[in-house]
Amino acid sequence: MYAAGDVRIENVPDPQIIEPTDAVIRVTRTCVCGSDLWPYQKMERIDMGRVMGHEAIGVVEDVGAGVQRIKRGDFVIMPFAFSDGTCAFCHDGLQTSCVHGGFFGTPEVAGAQAEAVRIPLADGTLFSIGAHPDDALMPSLLTLSDVMGTGHHAAVIARVTPGKSAAVVGDGAVGLCGVIAAKRLGAEQIIILGRHADRIALAMDFGATNVVSERGNAAVERVRELTGGYGVHSVLECVGLEQAMNTAISIARPGGAVGRVGVPQEQTIPGSEPAFYNNVTVGGGPAPVRAYIEELLPDILEGKIEPGHVFDRTVRLEGVPDGYRAMNDREAIKVMVRP
Ligand SMILES: [Zn+2]
């Protein structure tokens with residue numbers, strides 16, 4: 001990506017082992033993220049393009065001399081953040097705060113919308129599932145790189161509890177995975193706030209029980225109507241814009257919690273007053289998806305959850321620029337890339 005709206009496919013040097021703790025993986029599947037759309041809409045022009053992408057599954061091609069756990073030929077899931085797996089925060093299951101960690105697809109570390117990608121701290125970062133999985137499982141496994149783990153994080157932080165109510169603000173891929181996560185954790189009522197027919201239909205498939213397509217105060221009133229006047233116990237905020245956050249805080253019932261995973265586009269958190277007077281807990285941040293793979297993977301392998309349905313378009317690398325456009329125009333929910 002060179003600037004907002006300017007995505008190109010170019011030949012770049014092959015990724016190499018730089019540090020002994022690195023690995024290089026050949027990318028089997030990658031995708032375009034809703035959070036890639038923020039730079040797609042706003043990025044200032046730069047001379048050297050940024051290699052985008054932070055979600056991938058693939059096969060290990062090469063490992064550095066210091067890599068012990070990950071082997072050549074392993075089929076691996078690459079979380080969107082790299083982490084050493086050994087520091088205090090990795091031990092706490094918060095790998096996105098790893099003291100040696102960082103993020104893929106940044107100006108510092110090349111991204112995964114490519115044929116191959118260099119993985120720093122391979123032993124801590126990669127999750128090996130050993131043998132090559134069935135093709136049909138690829139889309140769902142790919143969601144463990146980001147969107148399924150992120151939706152799950154929103155549900156965990158929002159304290160989704162069996163038998164209680166939850167609402168999901170945002171009908172993008174993360175919000176849809178949030179519906180799966182809320183159902184998986186036992187929420188009895190799951191309200192999806194969104195307005196795109198295809199996404200709403202998928203949300204209902206995933207377990208949503210009610211749809212609210214209004215916005216602003218009308219949305220808040222509608223959620224209250226659906227919840228005996230009180231609002232929901234848990235809110236998953238999966239957008240990142242001020243209005244979404246305002247809505248999220250306003251539909252939480254007193255004592256409820258908001259788990260926010262939408263990348264914030266503002267410096268301040270709105271809704272300070274209602275959050276305070278209603279004792280609403282507001283938390284969240286970059287999901288430690290590395291920590292959640294172990295918990296979510298068995299459900300995918302057993303077919304209990306199928307988050308891969310969020311991909312409604314597949315392209316080759318040449319199709320990535322149009323994939324960005326399609327997601328930005330809300331023509332596609334999430335675009336998978338098969339390099
Ligand atoms: Zn760490």
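Whatever order the structure lists ligands and atoms in, that order sets their numbers, starting from 1.
Nearest N, O or S atom of Asp84 to the Zn ion (ligand 1): atom OD1.
Under the 4.5 Å side-chain heavy-atom criterion for ILVMFWY residues, no single connected hydrophobic cluster contains both Ile17 and Ile25.
Checking His100 against the Zn ion (ligand 1), every N/O/S atom stays at or beyond the 2.8 Å cut-off.
From Phe75, atom CZ reaches atom CD1 of Ile77 across 7.5 Å, with rounding to the nearest 0.5 Å.
Between Arg222 and Asn210, every side-chain heavy-atom pair lies at or beyond the 4.5 Å cut-off.
With the Zn ion (ligand 1) as the vertex, atom SG of Cys87 and atom SG of Cys98 span an angle of 120° (nearest 10 degrees).
Heavy atoms from other residues, nucleotides or ligands lying under 6.0 Å from CZ of Arg26 number 12 at most.
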